[in-house]
There are 2 protein chains.
Amino acid sequence: MNDKQPIFDVDRILHEPARLMITTILYTAEEADFLFLLQQTGLTKGNLSAHLSKLEKEDYVEIEKTYRGKVPQTLCRLTKTGRKAFEDYRRQLNKILKEMK
Amino acid sequence: MNDKQPIFDVDRILHEPARLMITTILYTAEEADFLFLLQQTGLTKGNLSAHLSKLEKEDYVEIEKTYRGKVPQTLCRLTKTGRKAFEDYRRQLNKILKEMK
DNA sequence: GTAAACAAGTTTGTATCGCAAACCAGTTTG
DNA sequence: CAAACTGGTTTGCGATACAAACTTGTTTAC
């Protein structure tokens with residue numbers, strides 16, 4: 001944003017609550033499929049799909065398309081980049097909170 | 001956002017870093033003029049103006065246009081609503097951070 | 001066996017947003 | 001009095017987030 005208040009310069013990818021939610025789940029769950037994320041987040045299918053695509057494009061998440069029997073299944077995992085971004089974002093949020101006291 | 005993860009349902013007005021920065025300054029400074037905010041935030045004039053308008057429209061900030069001698073001066077203060085929103089947002093951020101551990 | 005319902009996502013449409021650049025009214029300087 | 005400066009506001013535009021509509025394939029009903 002600027003260099004006067006770099007503290008408030010956050011990762012816009014993770015600053016979006018829906019994506020932070022997804023990422024938080026994947027950070028501890030290691031792996032989750034589309035329907036699990038759908039249920040945990042309460043997002044619509046369209047939005048979940050779009051946010052996952054964005055996270056994939058940023059290389060924060062890797063997506064594996066497989067089948068559970070004959071039914072398609074979309075598996076999601078955080079990449080190394082994604083894990084690091086999550087940890088960085090968490091640190092940044094802590095700094096911001098300190099600034100807000 | 002949803003009721004499955006209400007923790008991630010934040011105030012979108014303050015979730016924007018530029019506005020959070022402005023609001024954080026006003027929370028402790030009580031009153032600040034346009035040029036002071038400009039310098040402290042490092043925003044461009046256009047963006048500062050737009051974000052202040054938005055904060056005013058939400059009744060988070062009140063704006064008083066006066067003169068310092070012959071020179072126009074825009075004074076900004078948080079409203080009661082704004083102070084409360086700031087405190088709520090800070091609480092919400094704390095909850096999110098806990099969820100992220 | 002085929003039509004209707006369902007499952008798992010993806011694509012489309014739209015209103016909003018955040019940003020920089022251009023603009024503007026008034027003041028000061030040369 | 002013209003040019004430059006101040007203190008902002010408005011405009012233009014690409015990107016975003018969301019819901020609704022669509023798609024591809026499978027299962028169920030009859």
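Worth saying up front: this structure is predicted, and the values here are computed from it rather than measured.
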- [ ] Measure across B/Glu16 and B/His51 and return the closest heavy-atom pair with its distance rounded to 0.1 Å.
- [x] CG-CE1, 3.9 Å
Open item on the list: Students often get this wrong, so: under 4.0 angstrom with heavy atoms, is A/Leu48 touching a base, only sugar-phosphate, or nothing?
Closed with: nothing
- [ ] Round to a whole Å and report the spacing from CG of B/Leu43 to C1' of D/dT9.
- [x] 15 Å
TODO: Find out whether A/Lys98 and A/Ile7 are in side-chain contact, i.e. whether some heavy atom of one side chain is under 4.5 Å from a heavy atom of the other.
DONE: no
Open item on the list: Rounded to whole Å, how long is the line connecting atom NZ of B/Lys57 with atom P of D/dT10?
Closed with: 14 Å
Is there any protein nitrogen or oxygen under 3.5 Å from a nitrogen or oxygen in nucleotides 10-12 of chain C, and what are the pairs?
unit_1 : atom_1 : unit_2  : atom_2 : d
C/dT10 : OP1    : A/Lys65 : NZ     : 3.0
C/dT10 : OP2    : A/Ser49 : OG     : 2.7

- [ ] Establish, with yes or no, whether the OP1 or OP2 oxygen of D/dC18 is under 4.0 angstrom from a side-chain nitrogen or oxygen of B/Arg12.
- [x] yes
Open item on the list: As a test of reading the structure: which of C/dG9, D/dC18, D/dA19 is closest to the side chain of A/Thr44, going by heavy atoms?
Closed with: D/dA19
Open item on the list: Check this one for me: any side-chain N or O of B/Arg68 less than 4.0 Å away from OP1 or OP2 of D/dG7?
Closed with: yes
Task: For atom CD of A/Glu16 and atom P of C/dG18, their distance in whole Å - done: 11 Å
Task: Residues B/Tyr60 and B/Asp11: side-chain donor-acceptor under 3.5 angstrom - done: yes
TODO: Determine: side-chain N/O of A/His51 to OP1/OP2 of D/dC18, distance under 4.0 Å, yes or no.
DONE: yes
Task: Closest non-hydrogen atom pair, A/Leu48 against A/Phe34 - done: CD2-O, 3.4 Å
TODO: Measure the distance from CD on B/Glu58 to P on C/dT16 and round it to the nearest whole Å.
DONE: 13 Å
- [ ] Starting from the 5' end of DNA chain C, give me the residue, B/Lys54 or A/Leu75, whose nearest nucleotide shows up first.
- [x] A/Leu75
Open item on the list: I'd like to check A/Tyr89 versus A/Ile13 (side-chain heavy atoms, cut-off strictly below 4.5 Å). Are they in contact?
Closed with: no
Check residues 64-71 of chain B and write down every donor-acceptor pair under 3.5 Å in which the side-chain atom is one partner and the other belongs to a residue at least two apart or another chain.
unit_1  : atom_1 : unit_2  : atom_2 : d
B/Glu64 : OE1    : B/Arg77 : NH2    : 2.4
B/Lys65 : NZ     : B/Thr74 : OG1    : 3.1

TODO: Please report, rounded to the nearest Å, how far the P atom of D/dG8 is from the CZ atom of B/Phe36.
DONE: 14 Å
TODO: For D/dA17, take OP1 and OP2 only and decide whether either is under 4.0 Å from a side-chain N or O of A/Arg19.
DONE: yes
Task: Nearest-Å distance for atom pair CG/C1', residues B/Leu52 and C/dC19 - done: 15 Å
TODO: Please report, rounded to the nearest Å, how far the P atom of D/dT26 is from the CD atom of A/Gln73.
DONE: 15 Å
Task: Distance-minimising heavy-atom pair for A/Leu26 and A/Ala32 - done: CD2-CB, 3.8 Å
Open item on the list: With a 4.0 Å cutoff (strictly under), does any side-chain N or O of A/Lys70 reach OP1 or OP2 of D/dG25?
Closed with: no
Open item on the list: Could you tell me how far apart A/Ile13 (CD1) and D/dA17 (C1') are, to the nearest whole angstrom?
Closed with: 13 Å
